[in-house]
Amino acid sequence: MSDRRLAVAFISPALLLLLAMSVFPLLWALYLSFTDYSATRGGPANFIWFGNYTAILASAQVHLRTLTTLIYVVGAVALQTVLGFGIAYLISRRTHGRGLLTTLFLVPMMLSPVVVGLFWRFMLDAQFGVINSMLGSLGLGQVEWLTRQRTALISLIVVDTWQWTPFIMLIALAGLTAVPKYLYEAASIDRASEWFRFRTITLPLVWPLLLIAVLFRAIEAFRLFDLVYILTSGGPGVSTETLSFHVYKVAFLGFNTGTASAYGILMVLVVMVLTQLYLRYLNKLKED
């Protein structure tokens, strides 16, 4: 076999799997988004062209779910970034036990989101949860973490932060350990303060890598479904119903397959546009 044929023979299985599992479903969803197709209704799908898209963009429910998702993404990613970088900075300053501490902090990230959801659902239970038991022992009142609108979304943010802060920590720790030591030595010779070292050496060198971690976490948080499904099921009311969970309800509870496909395509477009803008900012930061 020639080199070209050998390359094609090795690449073809993975390429066919990619086409079958990713590209074809995406194209099929794009086709269904222009129809009124329903998975439970017989007969062919009728083309309504951009009817699904106009109905979605004009829907007040979609605006409310979008706001909920935006609050969740900004709150969770910001909290994870601050905590993750802070923990990584403290660990990087240690000379003994760094590996053990890193491994312990990575444990939540290794767990399945379903397991994490069930674990925290029992802990946040209003009557029998460990959190309320601790608050009761301190003389504080019990809190309905998952059944009140004010606390349900905050609980989701806290649970997601507990699981995914180690991701930010790991990337930040890799950046901190890669900072050249001679820069700190030169700053020590010049009697630079700790804040000056952090502001002029540590943060500028780690910041681009930290922004990449923020990008990955923002995309994952935008697609949040599993924690909402396990912890709150979108309640109380619709206070924690994110866009992904709303698409699930439209597709598998309302069986409006065409509308759900339009939701999915719009979410893909939003992620692609925001990612491109974010990457342009990163490239500009790198050039500067």
Side-chain angles (χ1 to χ4, degrees), residues 61 64-88 90-91 97 100-170 172 213-214 216-250 252-253:
Q61 293 183 356
L64 180 60
R65 273 64 170 185
T66 303
L67 179 61
T68 301
T69 305
L70 182 63
I71 293 174
Y72 168 79
V73 171
V74 173
V77 175
L79 190 58
Q80 292 166 24
T81 303
V82 173
L83 292 178
F85 182 77
I87 295 172
L90 293 177
I91 292 178
L100 179 60
L101 284 175
T102 304
T103 304
L104 291 177
F105 277 112
L106 288 178
V107 170
M109 191 179 68
M110 300 177 185
L111 300 176
S112 169
V114 177
V115 175
V116 172
L118 291 173
F119 171 73
W120 278 95
R121 183 177 178 180
F122 288 119
M123 290 189 63
L124 296 174
D125 186 82
Q127 294 182 348
F128 308 105
V130 177
I131 304 298
N132 276 344
S133 296
M134 294 176 60
L135 293 177
S137 63
L138 295 175
L140 302 176
Q142 294 186 346
V143 179
E144 297 180 2
W145 298 102
L146 303 177
T147 55
R148 294 186 62 184
Q149 293 185 357
R150 293 183 179 180
T151 57
L153 188 58
I154 296 176
S155 299
L156 278 177
I157 293 174
V158 170
V159 173
D160 191 75
T161 300
W162 180 83
Q163 183 176 18
W164 291 110
T165 294
F167 176 78
I168 304 290
M169 181 207 73
L170 188 63
V214 170
F216 285 125
R217 279 303 307 138
I219 293 175
E220 288 294 324
F222 182 74
R223 301 187 298 111
L224 177 75
F225 170 78
D226 34 30
L227 285 182
V228 176
Y229 183 81
I230 297 296
L231 286 174
T232 63
S233 296
V238 293
S239 59
T240 59
E241 188 171 308
T242 59
L243 283 173
S244 295
F245 191 80
H246 183 63
V247 174
Y248 159 78
K249 290 177 65 176
V250 172
F252 297 104
L253 299 181

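Considering only heavy atoms from C-beta on, L243 comes within 4.5 Å of F222 through its side chain. Using a 4.5 Å heavy-atom threshold, the side chains of E220 and D160 count as separate. When side chains are defined from C-beta on, N132 does not count as touching D125, because their heavy atoms never get closer than 4.5 Å. In this structure, M169 and L106 have side chains that are in contact, with non-hydrogen atoms separated by less than 4.5 Å.
S233 OG to Y248 OH: the interatomic distance, rounded to the nearest 0.5 Å, is 8.0 Å. Summarising the geometry, atom CZ belonging to R223 is positioned 11.5 Å from atom OG1 belonging to T242; distances are rounded to the nearest 0.5 Å. One distance of note links NZ of K249 with CD of Q61; it measures 8.5 Å at 0.5 Å rounding. Atom CD of E241 and atom NE2 of H246 lie 6.0 Å apart (nearest 0.5 Å). Here the CD1-CG distance, from I91 to L101, works out to 5.5 Å after rounding to the nearest 0.5 Å.
The two residues V77 and A221 have their closest heavy-atom pair at CG2-CB, 4.3 Å. Closest approach of R148 to P236, counting heavy atoms only: C-CG, 3.5 Å. Residue F105 comes nearest to P166 through the heavy atom pair O-CG, 2.8 Å, listed as atom of the first residue, atom of the second, then distance. For L146 against L231, the heavy-atom pair with the smallest separation is CD1-O, 3.8 Å. Of all non-hydrogen atoms in L156 and V228, the two that sit nearest each other are CD1-CG2, 3.9 Å. When every heavy atom of G129 is checked against every heavy atom of S133, the shortest pair comes out as O-OG, 2.9 Å.
Under the 3.5 Å distance criterion, the side-chain polar atoms of T165 are left unmatched by any main-chain donor or acceptor of L83. Under a 3.5 Å cut-off, the side chain of Q80 and the backbone N or O of I168 do not form any donor-acceptor pair. Of the possible polar contacts, one joining the T151 side chain to the E144 backbone as a donor-acceptor pair under 3.5 Å is found. Between the T68 side chain and the L64 main chain, a donor and an acceptor come within less than 3.5 Å of each other. Judged purely by atom type and a 3.5 angstrom limit, S155 uses its side chain to pair as donor or acceptor with the backbone of W145. No donor-acceptor distance shorter than 3.5 angstrom exists from the side chain of T240 to the backbone of A152, with no hydrogens or angles considered.
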Is there a side chain to side chain contact (heavy atoms under 4.5 Å, CB included) between L124 and V159 once you walk through the steps?
CA-CA 10 Å; L124 296 174; V159 173; 4.3 Å; yes
Run the numbers on Y72 and L153 for side chain to side chain contact (heavy atoms under 4.5 Å, CB included), then give the verdict.
CA-CA 7 Å; Y72 168 79; L153 188 58; 4.2 Å; yes
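Relative orientation of the W164 and F167 rings is perpendicular, given thresholds of 30° and 60° on the angle between their planes. Relative orientation of the W120 and W162 rings is perpendicular, given thresholds of 30° and 60° on the angle between their planes.
Heavy-atom contacts from other residues, nucleotides or ligands closer than 6.0 Å to OH of Y229 number 12 or fewer.
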